[in-house]
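This report concerns only the one structure given below.
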Amino acid sequence: MTKHWLMLAAVLAVAACDGSSPNPVNGPGRETDEGGEGGTEAGVVVPEGIAANVGSIEWVRGEAGDADDRLIISGVPLDDSPVAGVYERAPTADQDGYLAFSKQDDRLDRIFVALAGETPDGAVRGVVVADGGQFGIEYGGIDYARTGEFTPPDPGTTNGLVSYAGRYAGVTDLADLDQDLRLNPGGSDGTQPVPADAVPDQPRTVRGKVFMNVDFADNTLNGVIYDRTYSDGAPLGDEQFLRLSPGNIDQAGNFAGTVEQKVAAEDAPRVYGAYAGTFGGENASGMVGGLQSQEGVLRRQTADGDFENIELSSERGIWVIPRCSGANADPVCGEVNDIDGLIPSR
């Protein structure tokens, strides 16, 4: 399980920071922000507690749609040699709105799974990557970027209140139930003797939905991740809701806050972890965010139907979602106003 403790204070400090990002999801040679008139030239900041082991990610677009896309990820230990690892498509692990990629060098090397998403207009994109652990340690991280400058809606012509909705995708350090992406340990027939402690685990993934309310007049946001389950359909219990507590937005469009979880047996919500992200596109058409949990917060169902915490477990996740508008078909957007007024109910 993970040994990478969350540096919560560093994540919460991002709203006070400006600077260029060392972690663009576009790889070497391409800046996270292009700047320009009417926008803020300061760049995207991926806090250290969210980026974790990731140094940079390049999303290489294929020629056959997304079927031959690749990710080139640097900074993550033990995924490949040399420093940057090349992750190939793993379409059987795709989630709604996210493409899956995987990397495993040989049968007894770690297997990493990455989930990547981009808004329909290409304004923002993000990637989460992690392995399922080997020898008691897990590696991974998150990267995100935008195209162009941060141009929020003008509070002088709107009330500044807008909403965002879409899908959430996460990778845990728990073992996937099927291990269908992992190379078969023990040879092709599985008969070669292999120490059980040496076998790497394919990570189990999580899926869900996100809804965010943002006030660009006061530079504040909050929201919730809901309908959250393991991707294989197993439940996370009544505690599957994650509250994205109010956070601040800086002048460059970066935001950060605390993730909370309400557990029925406890009187007050507990800190689940931290989140951070940024906005992109005209009138902030897209939002990308990432979260890193603390250890020991994931839940599983016991034989008697109750739920219990899984010791040392952790979760990393992203949401890459458009603003609620006529172009966003998420049903929840039919209940809110866009910058141009009420969005017709669906």
Item to complete: Could you check N222 against N213 for side chain to side chain contact (heavy atoms under 4.5 Å, CB included), going step by step and ending with a plain yes or no?
Response: CA-CA 6 Å; N222 63 181; N213 279 328; 3.9 Å; yes
Roughly how far, to the nearest 0.5 Å, is the [atom2] atom of [Y] from the [atom1] atom of [X]?
X    : Y    : atom1 : atom2 : answer
K209 : D227 : NZ    : CG    : 4.5 Å
I142 : N53  : CD1   : CG    : 11.5 Å
K103 : R70  : NZ    : CZ    : 11.0 Å
I321 : T119 : CD1   : OG1   : 10.0 Å
I225 : M212 : CD1   : CE    : 8.5 Å
L244 : E260 : CG    : CD    : 10.0 Å

Indicate the atoms forming the closest heavy-atom contact of [X] with [Y], along with that distance.
X    : Y    : value
A51  : V46  : CB-CG1, 3.7 Å
L108 : A198 : CD2-O, 4.0 Å
A145 : V288 : O-CG1, 4.2 Å
S314 : S293 : CA-OG, 3.3 Å
I73  : A114 : CD1-CB, 4.5 Å
P153 : V162 : CG-CG1, 4.5 Å

ILVMFWY cluster, [X] and [Y] together (side-chain gap under 4.5 Å):
X    : Y    : value
L71  : Y139 : yes
Y98  : Y144 : yes
F255 : V124 : yes
V129 : L183 : no
I111 : I57  : no

Worksheet item: Under the salt bridge (Lys or Arg N to Asp or Glu O under 4.0 Å) criterion, do R61 and D68 qualify, and how do the steps go?
Response: CA-CA 7 Å; R61 312 291 177 156; D68 55 349; over 6 Å; no
Discussion item. Is there a side-chain hydrogen bond (donor to acceptor under 3.5 Å, both in side chains) between Q95 and S231? Walk through the geometry before answering.
Written reply: CA-CA 8 Å; Q95 296 193 25; S231 298; 3.1 Å; yes
Practice prompt. Could you check D121 against S285 for side-chain hydrogen bond (donor to acceptor under 3.5 Å, both in side chains), going step by step and ending with a plain yes or no?
Written response: CA-CA 8 Å; D121 63 357; S285 63; 2.6 Å; yes
Fill in: V320/I318 under side chain to side chain contact (heavy atoms under 4.5 Å, CB included): CA gap, chis, key distance, verdict
CA-CA 7 Å; V320 187; I318 57 170; 4.3 Å; yes
Worksheet item: Does CD belonging to Q179 count more than 12 external heavy atoms closer than 6.0 Å?
Response: yes
Item to complete: Tell me, yes or no, whether the heavy-atom count around D197 atom CG, taken from other residues, nucleotides or ligands under 6.0 Å, exceeds 12.
Response: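 No, the 6.0 Å shell around CG holds no more than 12 heavy atoms from other groups.
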How about [X] and [Y]: do any of their side-chain heavy atoms sit closer than 4.5 Å?
X    : Y    : answer
L291 : Y168 : yes
T229 : V206 : no
R207 : R167 : no
D176 : T205 : no
I249 : L221 : yes
T92  : L181 : yes
V127 : F101 : no
Y230 : L174 : yes

No-hydrogen, no-angle side-chain donor-acceptor test under 3.5 Å, [X] and [Y]:
X    : Y    : result
S102 : R182 : no
S56  : S74  : yes
D215 : T220 : no

Worksheet item: Between E118 and W59, does a side chain to side chain contact (heavy atoms under 4.5 Å, CB included) hold up when you go through it step by step?
Response: CA-CA 11 Å; E118 183 176 49; W59 189 340; 4.3 Å; yes
Any salt bridge linking [X] with [Y]? Criterion: basic side-chain nitrogen under 4.0 Å from a carboxylate oxygen.
X    : Y    : result
R323 : E282 : no
D173 : R204 : no
R89  : D66  : yes
D105 : R110 : no

Worksheet item: Which residue, E315, Q261, R243, forms the side-chain hydrogen bond (donor to acceptor under 3.5 Å, both in side chains) with Y272?
Response: E315
Item to complete: Would you please test L242 and R228 for side chain to side chain contact (heavy atoms under 4.5 Å, CB included) and show each step?
Response: CA-CA 9 Å; L242 298 180; R228 188 167 141 269; 3.6 Å; yes
Fill in: Parallel, tilted or perpendicular, as decided by the 30° and 60° cut-offs, for the rings of F241 and Y226
parallel
Worksheet item: Taking the inter-plane angle between the rings of F112 and Y87 on a 0 to 90° scale, is it parallel (under 30°), tilted (30 to 60°) or perpendicular (over 60°)?
Response: perpendicular
Worksheet item: Got a donor-acceptor contact below 3.5 angstrom from the T147 side chain to the G122 backbone?
Response: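 Indeed, once roles are kept as given, a pair shorter than 3.5 Å links the two residues.
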Worksheet item: Given the side-chain rings of F279 and F216, with only the six-membered ring counted for Trp, is the space between their centroids under 6.0 Å?
Response: yes
